[in-house]
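Reading through the structure tokens given below for one structure.
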Amino acid sequence: MTSAFPDPASGATDAASGADARSESANSSSPSFPFPAESLPAQLPTVEIWPDRPELIERAVEVVLSQIDHALKRSGRCTMALAGGSTPKPLYEQLAQADLDWSKLFIFWGDERYVPPTSPDSNQRMAREAWLDRVPIPAANCWPMPTDGASPAEDAARYEAQLRALFCDQWGLAEDFPSLDLVLLGLGDDGHTASLFPNTAALAVRDRWVTVGNRGDDPRITLTVPVLNQASCTIFLVSGESKQPAIAQVFAPCDDPTLAALLDQTYPARLVRPVSGELWWLFDQSAGERLEF
């Protein structure tokens, strides 16, 4: 693993290996962050760069299993929102081999393409084939986003109603937004995350749990920014050289609130600023090699 935080004396990144050197917290260095000081999250991010995708996935499995264990000890259950795309698929395949009490794991989705669950483009289908259909998790513990209603807006409202029935009515949530134990996110080449796309109306939604995210004429359903930011732990999993330009902008420091707001709209992953939870960025070398701190 290569730490993303350079030695201030040498300006070079340090190489580390072994379980005792697998995590380098931003709290031990002085990196710049992509938002004004007054909006810094409660905890600064942990950033790790791994030599290749297999090692990235290996590390992701470790972190995810650790977070699941923390959640189970904290509340007796673990609520987890999944990411789509190709990067997390091998993570899900490895999680299918884990020895877990599946009855205590509750699965949600961070976003979904507005396609049937049988479609090759469905995030639900990918997660089920790679992981969920291969373990004895109760069907009632899996909460996919509906895509069979009259419209994406109707199904977004339906999913929010389902989540409110679970979190508020069954589990007694009193706060405005749920606090998921673990949220997995990816990063698009354009800086989007979940289905929060640049310069779209979904970025401004602050009074709902679920909304419609539009990528041109391609509608999606997505959790909203405040829901993502209430998570106890958020993990970005990012792989590939094509992500480098977006990463540079997501991590670009900006002390001008007006410019920062513009950058947030252009690179929505910048909006992920946990209120009190942990934020992890896990990169492979091809994605993270140009990070500067």
Side-chain angles (χ1 to χ4, degrees), residues 1-5 16 19-35 37-50 55-83 87-88 91-92 95 98 100 104-111 167 173 175 177-187 193-194 196 223-239 247 250-251 264 268-284 287-288 291 293:
M1 185 267 285
T2 301
S3 164
F5 305 112
D20 60 345
R22 283 182 173 265
S23 178
E24 183 72 24
S25 170
N27 292 315
S28 64
S29 64
S30 300
S32 298
F33 291 97
F35 24 82
E38 62 268 19
S39 63
L40 281 172
Q43 297 187 52
L44 297 182
T46 297
V47 179
E48 296 178 2
I49 302 174
W50 292 87
E55 290 198 50
L56 166 68
I57 296 302
E58 179 184 353
R59 175 55 171 159
V61 171
E62 291 179 353
V63 177
V64 167
L65 290 177
S66 176
Q67 292 296 330
I68 291 173
D69 183 62
H70 291 333
L72 294 178
K73 290 177 179 176
R74 184 168 57 238
S75 65
R77 62 174 173 254
C78 178
T79 55
M80 181 176 179
L82 304 187
T87 302
L91 165 64
Y92 299 158
L95 290 175
L100 294 172
K104 296 180 179 179
L105 195 63
F106 290 79
I107 299 295
F108 308 89
W109 274 259
D111 73 312
F167 281 88
L173 174 71
E175 291 76 20
F177 298 99
S179 179
L180 294 164
D181 293 305
L182 179 58
V183 171
L184 299 180
L185 293 173
L187 179 71
T193 193
L196 299 169
L223 298 182
T224 59
V225 170
V227 171
L228 297 181
N229 283 337
Q230 285 293 333
S232 295
C233 180
T234 301
I235 303 173
F236 277 91
L237 196 62
V238 186
S239 175
I247 292 167
V250 169
F251 279 81
D264 290 351
R270 295 170 59 97
L271 292 168
V272 179
R273 306 167 190 164
V275 173
S276 60
E278 300 177 33
L279 176 59
W280 291 70
W281 284 88
L282 301 180
F283 300 100
D284 66 7
L291 271 175
F293 291 82

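Side chains included, hydrogens not; waters and symmetry mates left out as well; all remaining heavy atoms used.
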Can you list everything that forms a side-chain contact (heavy atoms from CB on, under 4.5 Å) with [X]? Sequence neighbours excluded, please.
X: E278; value: Q43, Q67, C233, W280
X: S179; value: S232
X: A83; value: P88, Y92, L184
X: S239; value: R53, L56, T87, D284

Among all residues two or more places apart in sequence or in another chain, which pass the side chain to side chain donor-acceptor pair (under 3.5 Å) test with [X]?
X: D111; result: S195
X: T193; result: none
X: S66; result: H70

Return the set of residues passing ring-ring contact (aromatic ring centres under 6.0 Å, His included) with W109 (not counting sequence neighbours), or none when no residue passes.
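In terms of ring-ring contact (aromatic ring centres under 6.0 Å, His included), with neighbours along the sequence ignored, W109 is linked to no residue.
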
Could you pull out all residues at least two apart from F167 that satisfy ring-ring contact (aromatic ring centres under 6.0 Å, His included)?
F108, W171

Presence of salt bridge, R77 and D181, under 4.0 angstrom:
no

Taking D264 first and then R273, would you say they form a salt bridge - that is, a charged N and a carboxylate O separated by under 4.0 Å?
yes

[atom1]-[atom2] distance between [X] and [Y], expressed to the nearest 0.5 angstrom:
X: L65; Y: L95; atom1: CG; atom2: CG; answer: 5.5 Å
X: F236; Y: L185; atom1: CZ; atom2: CG; answer: 4.5 Å
X: L72; Y: C78; atom1: CG; atom2: SG; answer: 6.0 Å
X: Q230; Y: L180; atom1: CD; atom2: CG; answer: 9.5 Å
X: L182; Y: I235; atom1: CG; atom2: CD1; answer: 5.0 Å
X: E55; Y: I57; atom1: CD; atom2: CD1; answer: 11.5 Å

Using the rule given for side chain to side chain contact (heavy atoms under 4.5 Å, CB included), can you reason through T224 versus L228, listing the C-alpha separation, both sets of side-chain angles and the distance that settles it, and then say yes or no?
CA-CA 6 Å; T224 59; L228 297 181; over 6 Å; no

Between the side chain of N229 and the main-chain N/O of L271, is any donor-acceptor distance below 3.5 Å?
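Checked: pair present.
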
Take W281 and T46 through the test side chain to side chain contact (heavy atoms under 4.5 Å, CB included) and record every step on the way to the result.
CA-CA 6 Å; W281 284 88; T46 297; over 6 Å; no

Could you pull out the closest heavy-atom pair between P274 and T234, with the gap in Å?
CG-OG1, 4.4 Å

Do L91 and L237 have side chains that approach each other closer than 4.5 Å (heavy atoms only, starting at C-beta)?
yes

L279 vs V272, side chain to side chain contact (heavy atoms under 4.5 Å, CB included): CA-CA, chis, key distance, verdict
CA-CA 9 Å; L279 176 59; V272 179; 4.3 Å; yes

